[in-house]
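Since the structure comes first, as structure tokens, the remarks are kept for the end.
Sequence positions, counted from 1, serve as the residue numbers for this chain.
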Amino acid sequence: MEYILGVVLALGISGLATVVGLDRDRAFYPTLTIVIVSYYGLFAVIGGSLQVLMLESAGVAAFLLLSLIGFRFTLWWVVAALAAHGVFDWFHGRLIADPGVPSWWPMFCLTYDVVAAAYLSWLLGFSRVAARSNRVTEQVKEFPHRIRPYVQAEFLAAEECDGRGDFAGSFEHLERAHVLGQASTREHVRVHWQMLRWAARQRQPQELAAQVLRIVGAAVLTAAGFVPEGNTGGGNVSAFRRLPVPPELAALIASVRSG
């Protein structure tokens with residue numbers, strides 16, 4: 001019964017939002033997700049356990065962050081948050097002993113989460129709801145074109161260094177190109193491709209393997225905004241590490257973004 005109720009309510013609420021136009025506002029599904037994930041915090045308060053409340057709050061905070069990232073960048077992150085929360089519902093009782101959670105809630109919530117995630121995926125897949133905000137969409141469209149000449153200039157500088165045998169200097173220019181272009185999927189992938197070619201020429205298998213992985217990551221994660229600012233892109237630096245952006249590059253990026 002809990003599963004059936006979850007399906008009916010998820011389809012009913014999502015369908016009603018589409019009919020009346022509530023989901024035309026990109027804030028609808030992130031807000032819905034935040035409300036859903038906050039229930040476990042409420043149940044912890046009902047259960048009267050501070051320790052359980054702290055554990056539940058950690059989970060709520062994680063899904064809250066995913067929802068905010070989705071609203072800020074793309075609603076596909078909200079789809080991921082809903083689906084992941086469904087998995088969390090399945091394992092919740094084994095992870096957290098919360099006496100305030102009704103016995104039927106995890107099954108109901110799991111079904112609601114999965115159906116709502118599937119429905120939102122359908123909306124996004126058929127462009128019935130904008131995955132990105134207009135501002136982010138414009139940035140995504142314009143930034144690659146504006147930053148590409150500067151990235152290309154670093155490529156040319158890297159080739160000049162290669163020509164005179166300065167291979168360390170060549171890679172430094174590729175690192176600068178990475179800092180400049182990593183917010184664009186196309187440029188991000190191009191930079192890692194050039195780094196892969198550099199590693200092949202220098203016969204550095206570890207760097208070569210690192211760049212293969214980074215090409216995949218750049219292709220998949222850049223559009224979602226998962227780009228640690230200032231990261232230089234080489235295998236000697238964690239792909240998730242943020243680094244200070246050199247002042248001249250920071251000024252150039254700011255200038256390109258402002259048009």
Side-chain angles (χ1 to χ4, degrees), residues 58 61-66 68-70 72-74 76-77 80-81 84 132 136 139-258:
F63 289 107
L64 172 63
L65 179 60
L66 277 178
L68 294 178
I69 291 173
R72 176 67 176 80
F73 295 106
T74 171
W76 285 107
W77 279 102
R132 302 175 182 274
V136 173
Q139 287 181 348
V140 169
K141 288 181 178 179
E142 297 299 329
F143 183 80
H145 300 296
R146 294 173 179 169
I147 201 65
R148 185 167 190 175
Y150 303 102
V151 173
Q152 191 65 36
E154 297 295 340
F155 288 166
L156 293 175
E159 289 179 7
E160 292 177 1
C161 288
D162 277 335
R164 58 176 182 265
D166 182 8
F167 303 118
S170 173
F171 198 78
E172 288 177 3
H173 282 289
L174 295 181
E175 290 177 324
R176 287 170 58 87
H178 185 270
V179 174
L180 289 171
Q182 66 174 339
S184 160
T185 298
R186 181 176 180 179
E187 299 307 311
H188 198 179
V189 171
R190 286 181 71 221
V191 171
H192 284 298
W193 172 250
Q194 292 297 329
M195 288 182 167
L196 183 147
R197 293 180 61 200
W198 181 93
R201 290 194 301 270
Q202 301 308 311
R203 299 180 181 179
Q204 295 190 15
Q206 289 184 335
E207 185 67 41
L208 190 67
Q211 292 307 320
V212 170
L213 294 175
R214 281 162 170 75
I215 286 174
V216 175
V220 174
L221 299 176
T222 304
F226 198 77
V227 283
E229 185 181 40
N231 190 285
T232 49
N236 61 324
V237 177
S238 168
F240 306 103
R241 184 180 177 185
R242 294 170 64 94
L243 294 170
V245 180
E248 71 277 12
L249 297 186
L252 181 56
I253 293 171
S255 176
V256 169
R257 289 191 186 282
S258 65

Point to revise | Heavy-atom side-chain proximity of R146 to R257 below 4.5 angstrom | key: no

Check your understanding: Got a sec, which residues hit side chain to side chain donor-acceptor pair (under 3.5 Å) with E172, two or more places apart in sequence or on another chain?
Key -> none

**Study point:** Greater than 12 external heavy atoms within 6.0 Å of R148's CZ
**Key:** yes

Review point. How would you list, by chain and number, every residue that makes a side chain to side chain contact (heavy atoms under 4.5 Å, CB included) with A157, sequence neighbours excluded?
Key: H173

Exercise for review: Measure the shortest side-chain to side-chain distance between M195 and R214 over non-hydrogen atoms and say whether it is less than 4.5 angstrom.
Suggested key: no

Point to revise | Closest non-hydrogen atom pair between F143 and A183, with its separation | key: CE2-CB, 3.8 Å

**Study point:** ring-ring contact (aromatic ring centres under 6.0 Å, His included) partners of F63, counting only residues at least two apart
**Key:** H85, F88

Check your understanding: Between atom CD1 of I253 and atom CG of L249, what is the distance when rounded to the nearest 0.5 Å?
Key -> 6.0 Å

**Study point:** Q206, CD atom: more than 12 neighbouring heavy atoms under 6.0 Å
**Key:** no

Point to revise | salt bridge (Lys or Arg N to Asp or Glu O under 4.0 Å) contacts in which one or both residues fall within residues 189-202, not counting sequence neighbours | key: D162-R201, E187-R190

**Study point:** Nearest non-hydrogen partners of Y150 and V256, listed with the distance
**Key:** CE1-CG2, 3.8 Å

Point to revise | All side chain to side chain contact (heavy atoms under 4.5 Å, CB included) counterparts of E229, not counting sequence neighbours | key: R242, V245

Review point. When W198 is tested against each of W193, F171, F155, F167 for ring-ring contact (aromatic ring centres under 6.0 Å, His included), which residue passes?
Key: F171

Review point. Shortest non-hydrogen contact from V179 to G230?
Key: CG2-O, 3.8 Å

Name the atoms and distances for all side-chain donor-acceptor pairs under 3.5 Å in residues 231-238, with sequence neighbours left out.
residue, atom, partner, partner atom, Å
N231, OD1, G233, N, 2.8
N231, ND2, S238, O, 2.7
N231, ND2, R241, O, 2.8
S238, OG, F240, N, 3.2

